[in-house]
Protein chains: 2
Amino acid sequence: MMTRNLAIDELVPTREELQLGDVLHALSDPVRLQIVRTLADADAEVACGQFPLAVTKATVSHHFKVLREAGVLFSRYEGTRRFHSLRRADLDARFPDLLDTVLRASRS
Amino acid sequence: MMTRNLAIDELVPTREELQLGDVLHALSDPVRLQIVRTLADADAEVACGQFPLAVTKATVSHHFKVLREAGVLFSRYEGTRRFHSLRRADLDARFPDLLDTVLRASRS
DNA sequence: TCGTTCGTTCGACAGTCATCGAACGTTCGC
DNA sequence: GCGAACGTTCGATGACTGTCGAACGAACGA
């Protein structure tokens, strides 16, 4: 009945609050980089289950939280699923070219 | 008398061995990012002592080791001092624009 | 030769991290 | 209303991290 009150302790940074160190750290893990790559390829919202990852759902959930708290992506509920999308505009505004450069590098 | 046999356990990656995750992780620490920034500004070799860092020399040494092992910089002995330089060519070859993009982002 | 300078290494410590299984809460379809 | 599907949260665990002071080693200068 109540709206979901999960993630109440989660601190999602605004565009201005984005920290380079946090973003780089978020992107430095292979699983998370894979998530971001998949998301960039899709160029749209993707549900957790759609990610071909070699770790438990608990671990996946953890990585999404790290990415959210670093400001790399945004997550939204839709029924029982959760859809994710890159915060491209914010990232590009704050750190121009960073995301694209990292993505390009991650595919070489 | 013998040549220095320090750093014998240090694994410095070749250009081909550079790993994006390692580089991003190396750059995600504020102290290390500061080091890299200083080095990029100098555009030349810089000795450890030249870095205005708010940590102990032991910690500084540790950070340089991390940066070396990630392949971000190269260190060379000259007498009692140790000079450091960015591995720009290698980084640019393997991850085009990455270093410059991160440096630019770190100054905004 | 002796003391200083510069940097590395060691041992320790507190904190964070990636990972997992298990339990839980929501939502949806039957 | 029941059970399945989907994710989150919890607690635990082992690994890694950033930091420090202290001891060490090599090279330089007086």
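Keep in mind the model is a prediction, meaning the values are calculated, not measured. First the proteins, then the strands, lettered A, B, ... as listed; each starts at 1. Reckoned from all heavy atoms, side chains included, excluding hydrogens, waters and symmetry mates.
- Between B:Leu27 atom CG and D:dT17 atom P there is a gap of 15 Å when expressed in whole angstrom units.
- Sorted by first then second residue, the salt bridge (charged side-chain N to carboxylate O under 4.0 Å, His left out) pairs that include residues 93-108 of chain B, not counting sequence neighbours, are B:Asp41-B:Arg107, B:Arg88-B:Asp100.
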Worksheet entry | Under 4.0 Å protein heavy-atom contact, by nucleotide of nucleotides 10-15 of chain D - B base, S sugar-phosphate only | ------
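- Side chain of A:Ser61 to main chain of A:Ala58: no donor-acceptor pair is present (N/O by atom type, distance under 3.5 Å, no hydrogens or angles).
- The distance from atom OH of A:Tyr77 to atom P of C:dG25 is 14 Å, rounded to the nearest whole Å.
- In this structure, the CZ atom of A:Arg76 is 15 Å from the C1' atom of D:dG7, given to the nearest Å.
- Taking atom CD of residue A:Glu78 and atom P of nucleotide C:dT26, one finds them 19 Å apart after rounding to whole Å.
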Taking N or O atoms only and anything under 3.5 Å, show me the protein contacts with nucleotides 2-6 of chain D, one pair per line.
{"residue": "D:dC6", "atom": "O4'", "partner": "A:Thr80", "partner atom": "OG1", "Å": "3.2"}

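- Listed by first and then second residue, the ring pair (Phe, Tyr, Trp, His ring centres under 6.0 Å) pairs that reach into residues 11-37 of chain A come to none, sequence neighbours excluded.
- Legend: residues meeting side-chain contact (heavy atoms from CB on, under 4.5 Å) with B:Ala42, ordered by chain and number and at least two apart, are B:Val46.
- Evaluation of the salt bridge (charged side-chain N to carboxylate O under 4.0 Å, His left out) test over residues 45-60 of chain A, restricted to residues two or more places apart or in two chains, returns A:Glu45-A:Arg76.
- Separating the NZ atom of A:Lys65 from the C1' atom of D:dT8 is a distance of 9 Å, rounded to the nearest angstrom.
- Evaluation of the side-chain contact (heavy atoms from CB on, under 4.5 Å) rule for A:Val55 yields A:Val31, A:Leu53, A:Thr59, A:Val60 as partners, not counting sequence neighbours.
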Write out a two-atom table: protein N or O, nucleotide N or O from nucleotides 16-18 of chain C, distance below 3.5 Å.
{"residue": "C:dA18", "atom": "OP1", "partner": "A:Arg32", "partner atom": "NH1", "Å": "3.1"}
{"residue": "C:dA18", "atom": "OP1", "partner": "A:Arg32", "partner atom": "NH2", "Å": "2.7"}
{"residue": "C:dA18", "atom": "OP2", "partner": "A:Arg32", "partner atom": "NH1", "Å": "3.4"}
{"residue": "C:dA18", "atom": "OP2", "partner": "A:His62", "partner atom": "NE2", "Å": "3.1"}

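- Both A:Thr56 and B:His84 sit near DNA chain C, but only B:His84 has its closest nucleotide nearer the 5' end.
- Judged as a ring pair (Phe, Tyr, Trp, His ring centres under 6.0 Å), not a single pair has a partner in residues 88-107 of chain B (not counting sequence neighbours).
- As rounded to whole Å, 13 Å separates atom C1' of C:dT5 from atom CZ of B:Phe83.
- Contact detail for A:Val72 and A:Ala26: the closest heavy-atom pair is CG2-CB, 4.3 Å.
- By the ring-ring contact (aromatic ring centres under 6.0 Å, His included) test, A:Phe51 is found to be paired with A:Phe64, residues two or more places apart in sequence or in another chain being considered.
- In terms of the side-chain contact (heavy atoms from CB on, under 4.5 Å) criterion, residue partners of B:Ser75 (sequence neighbours excluded) are, by chain and number, B:Arg68, B:Leu73, B:Arg82, B:His84.
- Legend: salt bridge (charged side-chain N to carboxylate O under 4.0 Å, His left out) pairs involving residues 11-36 of chain A, not counting sequence neighbours, sorted by first then second residue: A:Arg15-A:Asp90.
- In this structure, D:dC2 forms a base pair with C:dG29, meeting either the Watson-Crick or the G-U wobble geometry with both donor-acceptor distances under 3.5 Å.
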